[in-house]
Protein chains: 2
Amino acid sequence: MLKAAVTIHDVAKAAGVSIGTVSKVLNNQGRFTEETRIRVRQSAESLRFQPNALAQSLHQKRSYTVGLVSRDSFGRFSLPLLEGIENALDPARMAVFVCKPTDDPVHERRHIESLMAKRVDGLIVTSRRTDKRPPVDLAGTSMPVVYAYAQPEGSEAVCVLPDDRGGGQLAGQHLLCLGRTALAHVTGPEHFTAVRERRQGFEEALREAGRSLDPDWYLSGPWSEAWGHEAVGRLLEHGPRFDAIFCGSDQIARGVADALRERGLRVPEDVALVGYDNWDIIAAATRPPLTTIDPCLETLGQQAASCLLAMIAGAEATVPRVIRHPCRLVVRQSCGGEALL
Amino acid sequence: MLKAAVTIHDVAKAAGVSIGTVSKVLNNQGRFTEETRIRVRQSAESLRFQPNALAQSLHQKRSYTVGLVSRDSFGRFSLPLLEGIENALDPARMAVFVCKPTDDPVHERRHIESLMAKRVDGLIVTSRRTDKRPPVDLAGTSMPVVYAYAQPEGSEAVCVLPDDRGGGQLAGQHLLCLGRTALAHVTGPEHFTAVRERRQGFEEALREAGRSLDPDWYLSGPWSEAWGHEAVGRLLEHGPRFDAIFCGSDQIARGVADALRERGLRVPEDVALVGYDNWDIIAAATRPPLTTIDPCLETLGQQAASCLLAMIAGAEATVPRVIRHPCRLVVRQSCGGEALL
DNA sequence: TTGTATGCGTTATCAA
DNA sequence: TTGATAACGCATACAA
């Protein structure tokens, strides 16, 4: 920006017309001779003219920019979300500002203010867990906001969330379909909404098949491979043998798979395994590769961005308050049955 | 932005002064009575006045904004890099635009143009590998650019890269220090600059200890756990027994660790293992947890951003053309010897 | 000490 | 068809 950027005045001078004419030609607005059109376009071209978006935005009261504020650190969830968001925003020629995530409300506040000062057209708020959190402070403005993979408490804001219940159900149904009858569930900490919802869905699937989840076969613990490992030991303490385990995350599933193998149990012959996340680097490297539930974070992000776009366009009324984004079953080899597809 | 944002005029009216005065007070510029100071500040406060950054930037010819253009997809490298970049930029009150990464020069071109139109103060270009790539097209402007974890070919641009050679050296020295004498190296594809540099550093360490890398003990393959697994088999075909393996990535190391254990070889008692990346989710979950080389991507990003800041401030001359960011040895349990620390 | 006027780069209205 | 000119919101030099 130091080397005096070329402005519309430069183009006008070069083309021998007024700035008004240049503006019209470049925006295909109003009428003008074919000849001036060519002259203007050529001058603009040769000068490598780039209209100053700052000036445009100032005038249009629209910046073609959205802010992405992330809570709880950038993590593995942010990436696919961001990917999806950009996929939706890019065609609309909107750029995105990212903010260093923070748990501190004061910092968050500062970031939001900075974003508002830059007159972003809207905000997307993400998190690394779907539990309710205080909504962002909009300082009384009516800036469009959508929460993606995040949920504001006591607010009418629109949010798009993964359908964790549906994911659990999908896992249960798949296992049941394959003829498994003794299903266990090893998952994360119960204070996660996601943990509770996934289990509900799983139990629902069992119920529909006239079964239920044996309390001895439900284990909640940390989100780690080590926990999966340990859980297998606990499961094995109980007499009757399970023939399938639905895991609350791919990491847990991987720990489970390793532990099973080390104890001489075969996957999927003896025990079928379903993971959760479809975190490629884990799921594909597990032996055998994990059949898992994909929360489809990328399309979720895309949908969130689309909603925001609609709101910015003034179609606020058309977008639902809370959207449950469906999960997808990804079949690899940990349940067998891939031939069925 | 729809609900007519409050402007400096509103504040002026509320405070009963002119906009010039408001501006001066709010920016602590020039002189004014304590009384008007209070009145203005109060009005601004109660109106929740946020100066329009667009207008400010237009005037100052400075947007306090940088563009982050990423090639080759957002990946696990982008996150720590981005984290570091924001850490450095946030205190300077600069915001960052991210661009959907792409390999397509045409799309990249469009993104850069969009960024330039928004009058970003500078650009950071990242990649997921350090190999040389064509520089970004700046359209003849003198916009400050720094390449982070990326390298432009035939360009004088500044770039900051991990010191992969140093990383390899660190690994070798550590193993040697612990008394290992028969060192193998299982790494990624040789067309990666990083693979070649890490090996060079490793060999250098061996050389300094009067040893050299046995060609039979050097194996190059894909960046995967499966390859680590397979490599162990190959290594074992050769008669003499190695007592340490330096792996080109944590993923490879994990595959190696699993294979070793399955063949009854103990880590670190029989074989010491050093990984590369310090990718927590892999390194910490490996059994035993991996001692590994940390390329310190976060501080690398931070340094890149600091350089950019310096360049934007006009101190271009003070920043070196290419910076090699040092790696760090992270000791866990795969080499033993943690007691030494 | 305070207010007015000008410029920043566009777009848009309205005469010419 | 084209060219002045007035916003847009702010900062600042200069006049009052």
Side-chain angles (χ1 to χ4, degrees), chain A residues 1-41 43-44 47-65 114 116-121 141, chain B residues 1-41 43-44 47-65 114 116-121 141:
Chain A
M1 193 139 176
L2 294 173
K3 302 295 162 212
V6 12
T7 77
I8 201 173
H9 288 98
D10 302 318
V11 179
K13 195 181 307 175
V17 298
S18 77
I19 62 166
T21 304
V22 174
S23 178
K24 282 196 308 186
V25 170
L26 261 26
N27 296 307
N28 264 323
Q29 216 80 198
R31 313 241 149 277
F32 36 80
T33 348
E34 176 63 10
E35 192 211 321
T36 61
R37 196 188 75 84
I38 295 186
R39 230 185 21 242
V40 168
R41 292 215 108 98
S43 310
L47 261 51
R48 298 249 222 173
F49 171 65
Q50 275 285 355
N52 184 330
L54 262 26
Q56 289 179 317
S57 299
L58 182 60
H59 182 82
Q60 298 178 207
K61 295 177 173 308
R62 178 110 156 59
S63 65
Y64 289 92
T65 276
S114 161
M116 307 237 308
K118 291 196 162 54
R119 297 305 189 259
V120 294
D121 297 331
T141 68
Chain B
M1 193 141 177
L2 294 172
K3 302 296 160 208
V6 12
T7 77
I8 200 174
H9 287 96
D10 302 318
V11 179
K13 196 181 307 174
V17 297
S18 76
I19 61 165
T21 305
V22 174
S23 178
K24 281 197 307 187
V25 170
L26 261 26
N27 295 308
N28 263 321
Q29 217 78 200
R31 314 242 148 277
F32 37 79
T33 349
E34 175 64 8
E35 192 212 320
T36 61
R37 197 188 75 81
I38 297 186
R39 227 181 29 238
V40 168
R41 292 214 108 97
S43 310
L47 260 51
R48 300 251 222 170
F49 172 64
Q50 276 284 356
N52 185 329
L54 262 26
Q56 289 180 316
S57 299
L58 183 58
H59 184 255
Q60 298 178 209
K61 293 176 171 310
R62 180 113 153 59
S63 65
Y64 289 92
T65 275
S114 162
M116 308 237 308
K118 291 195 162 56
R119 298 304 189 255
V120 294
D121 297 331
T141 68

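By convention in this document, chain letters (A, B, ...) are assigned in the order of the sequence lines, proteins followed by strands, and residues within each chain are numbered from 1.
Fit an axis to the five pairs at each end of the helix from C:dT1-D:dA16 to C:dA16-D:dT1 and the two axes sit 60° apart, to the nearest 10 degrees.
Closest heavy-atom contact between A:Lys24 and A:Arg31: NZ-O, 3.6 Å. The two residues B:Gln60 and B:Tyr64 make their nearest non-hydrogen contact at NE2-CE1, 3.6 Å. In plain terms, the two heavy atoms of B:Ile8 and B:Ile19 that are nearest each other are CD1-O, 3.7 Å. Of all heavy-atom pairs spanning A:Leu54 and B:Ser57, the tightest one is CD2-CB, 3.5 Å. Closest heavy-atom contact between B:Val22 and B:Ala12: CG2-CA, 3.6 Å.
B:Ser18 is linked by a side-chain contact (heavy atoms from CB on, under 4.5 Å) to B:Thr21, counting only residues two or more places apart in sequence or in another chain.
Atom CZ in B:Phe49 sits 11.5 Å away from atom CZ in B:Arg41 (nearest 0.5 Å). The CE atom of A:Met116 sits 13.0 Å away from the NZ atom of A:Lys118 when rounded to the nearest 0.5 Å. With rounding to the nearest 0.5 angstrom, the CD atom of B:Gln29 is 8.0 Å from the OG atom of B:Ser23.
Looking only at distances, no side-chain donor or acceptor of A:Thr33 sits under 3.5 Å from a matching main-chain atom of A:Glu35. Looking at A:Ser43, its side chain does come within 3.5 Å of a backbone N or O of A:Arg39 through a donor-acceptor pair.
At least one side-chain heavy atom of B:Leu26 sits under 4.5 Å from a side-chain heavy atom of B:Val40. For the pair A:Arg119 and B:Gln50, the minimum side-chain heavy-atom distance is below 4.5 Å. In this structure, the side chains of A:Asp10 and A:Thr7 come closer than 4.5 Å at one or more pairs of heavy atoms.
Within a heavy-atom distance below 4.0 Å of DNA chain D, the residues of residues 15-26 of chain A found are A:Val17, A:Ser18, A:Thr21, A:Lys24. At a non-hydrogen distance threshold of 4.0 Å, A:Arg31, A:Phe32, A:Thr33, A:Thr36 from residues 31-39 of chain A come into contact with DNA chain D.
Bracketed by its first and final contacts, the part of DNA chain C lying under 4.0 Å from non-hydrogen atoms of chain B reaches from C:dT1 to C:dG9 in 5' to 3' order. Of all nucleotides in DNA chain D having an atom under 4.0 Å from a heavy atom of chain B, the first and last in 5' to 3' order are D:dG9 to D:dT12.
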